[in-house]
Asker: 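Provided herewith is a single structure, encoded as C-alpha cells, for subsequent inquiry.
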Amino acid sequence: MKNRLEEFRNQMNWTQQELADRVEVSRQTIISLENGRYNPSILLAFRLARLFNVQIEELFLYTQEETHE
Amino acid sequence: MNNRKQWISTKIRLGWMFLAAGVIVAAAGIIIGVEYSHLPYNFRIITGLGILLIGIGIGYLVRYKSAQKDEQSARRISVEERDERTVAIRSRAGNRAFLVETGLVYIGLMWVSFAANGSLPPLEGDTLWFFLAAAMLIPFAVYIGSILVDQQNT
C-alpha cells in the first residue's frame, strides 16, 4: 500500500526517529512504512493519521488492484 | 505511561516466577538425585532444567529491573519488544517453524509406522538421536532464518 508518510513527516520537519517515538514504534518500522514494504495495523494507521491531523485515506492510499499478503 | 509501567511490572513478576520455579526444580533434581541414586535415571536433566529456568529468570530481572528505574530505557525496551512489525515478524517465523516441526514429527511418525511392518529400517540408536536433534534444530533454524529474511524484506 502506498502512503504519504514521508511527505507529511518532512512537512513537520521530523526525523524518522522522532516520528517513531511519537507513535511508539521502532525507527525500522517507520522506514519500512515509508518504503511501502510494510502495511500498518489499523491502530497504527489511526495513530499516524491523528498525529498529522489528517484522515487515514489521505495518508494511506488504497488501490483495488493490491493483492493480499 | 501507566500501561508501560504495568507491562514492565508483569515482566518482573514473570522473572521472579521463572527464578522461583528454577530454584525449586534445581533443588528437586539435586535432592532426588541424592535420595534415589540407585535408579537408572540421570537426574542432572532435572537440575539442568532448573538451572535453565534460573538463568531465564535472572535475564528477565536484569533487563526489566533496570528498565523500571530508568524511564528512557523503559521506553526503549517497551517500544523494541512491542513494536507491531517486530511482533508480526516473530509470529510469522513462529508459524513457519511450527509447520516445519509438525512436518518433521509427521515424517518420524510415518517412519516408525513403516518400520513396524519392515518396510523401512527401524529408528533406533544414533539414527533416532540424530533425527530428534534435527527435529529440534531445523525448526529453530527456520525460526531464526525467517526472522532475518523478514527483517530484510518487510
Side-chain angles (χ1 to χ4, degrees), chain A, chain B residues 1-14 59-60 62-100 102 139 142-154:
Chain A
M1 184 160 54
K2 287 178 183 168
N3 64 70
R4 296 167 62 199
L5 201 58
E6 190 173 2
E7 181 190 329
F8 280 107
R9 179 175 62 77
N10 287 335
Q11 277 174 18
M12 306 295 273
N13 278 326
W14 289 337
T15 62
Q16 288 172 330
Q17 185 63 61
E18 281 170 334
L19 176 57
D21 289 343
R22 283 167 200 270
V23 288
E24 300 208 327
V25 294
S26 67
R27 182 171 156 264
Q28 190 55 48
T29 298
I30 298 297
I31 294 170
S32 294
L33 281 168
E34 286 187 355
N35 290 338
R37 290 199 311 257
Y38 175 67
N39 292 329
S41 69
I42 191 75
L43 286 175
L44 179 57
F46 266 111
R47 283 214 300 273
L48 287 162
R50 290 265 164 88
L51 186 67
F52 292 119
N53 210 18
V54 293
Q55 297 289 312
I56 284 185
E57 294 91 331
E58 290 179 61
L59 192 55
F60 295 98
L61 314 167
Y62 175 74
T63 49
Q64 195 73 44
E65 294 78 32
E66 284 183 39
T67 53
H68 294 283
E69 281 177 24
Chain B
M1 190 76 75
N2 223 355
N3 188 22
R4 189 179 302 138
K5 278 186 179 166
Q6 208 177 345
W7 179 75
I8 286 178
S9 300
T10 308
K11 292 285 183 183
I12 290 173
R13 223 173 300 135
L14 200 62
Y60 264 74
V62 168
R63 184 170 168 85
Y64 297 106
K65 274 279 183 188
S66 65
Q68 204 175 28
K69 290 174 195 155
D70 175 23
E71 181 57 33
Q72 233 2 62
S73 114
R75 187 186 170 87
R76 187 180 52 77
I77 289 174
S78 156
V79 167
E80 215 172 78
E81 288 195 13
R82 296 199 292 180
D83 176 52
E84 65 168 49
R85 179 175 156 276
T86 309
V87 172
I89 287 172
R90 282 185 194 159
S91 302
R92 217 160 25 220
N95 282 347
R96 286 174 186 148
F98 174 74
L99 282 177
V100 170
T102 308
V142 168
Y143 182 76
I144 300 291
S146 176
I147 286 178
L148 292 176
V149 169
D150 277 358
Q151 289 277 11
Q152 292 282 323
N153 297 337
T154 57

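A, B, ... follow the sequence lines: proteins, then strands. Residue 1 opens every chain.
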Asker: Heavy-atom count around A/Q11 CD within 6.0 Å, excluding the residue itself: above 12?
Answerer: yes
Asker: Can you tell me how far apart CZ (A/R37) and CD (B/Q152) are? Round to the nearest 0.5 Å.
Answerer: 8.5 Å
Asker: State the OG1-CG distance between B/T154 and A/N39, to the nearest 0.5 angstrom.
Answerer: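 Between atom OG1 of B/T154 and atom CG of A/N39 there are 10.5 Å.
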Asker: Counting only non-hydrogen atoms closer than 4.5 Å, does A/D21 touch chain B with its backbone (N, CA, C, O), its side chain (CB onward), both, or neither?
Answerer: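 Interface part for A/D21: both.
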Asker: Just give me the residue among B/R85, B/R76, B/R82, B/Q151 that pairs up with chain A most often, heavy atom to heavy atom, under 4.5 Å.
Answerer: B/R85
Asker: Could you tell me which portion of B/E84 (side chain, backbone, both or neither) has an atom closer than 4.5 angstrom to a non-hydrogen atom of chain A?
Answerer: both
Asker: Tell me, out of A/A20, A/P40, A/S41, who's got the most heavy-atom pairs with chain B below 4.5 Å.
Answerer: A/S41
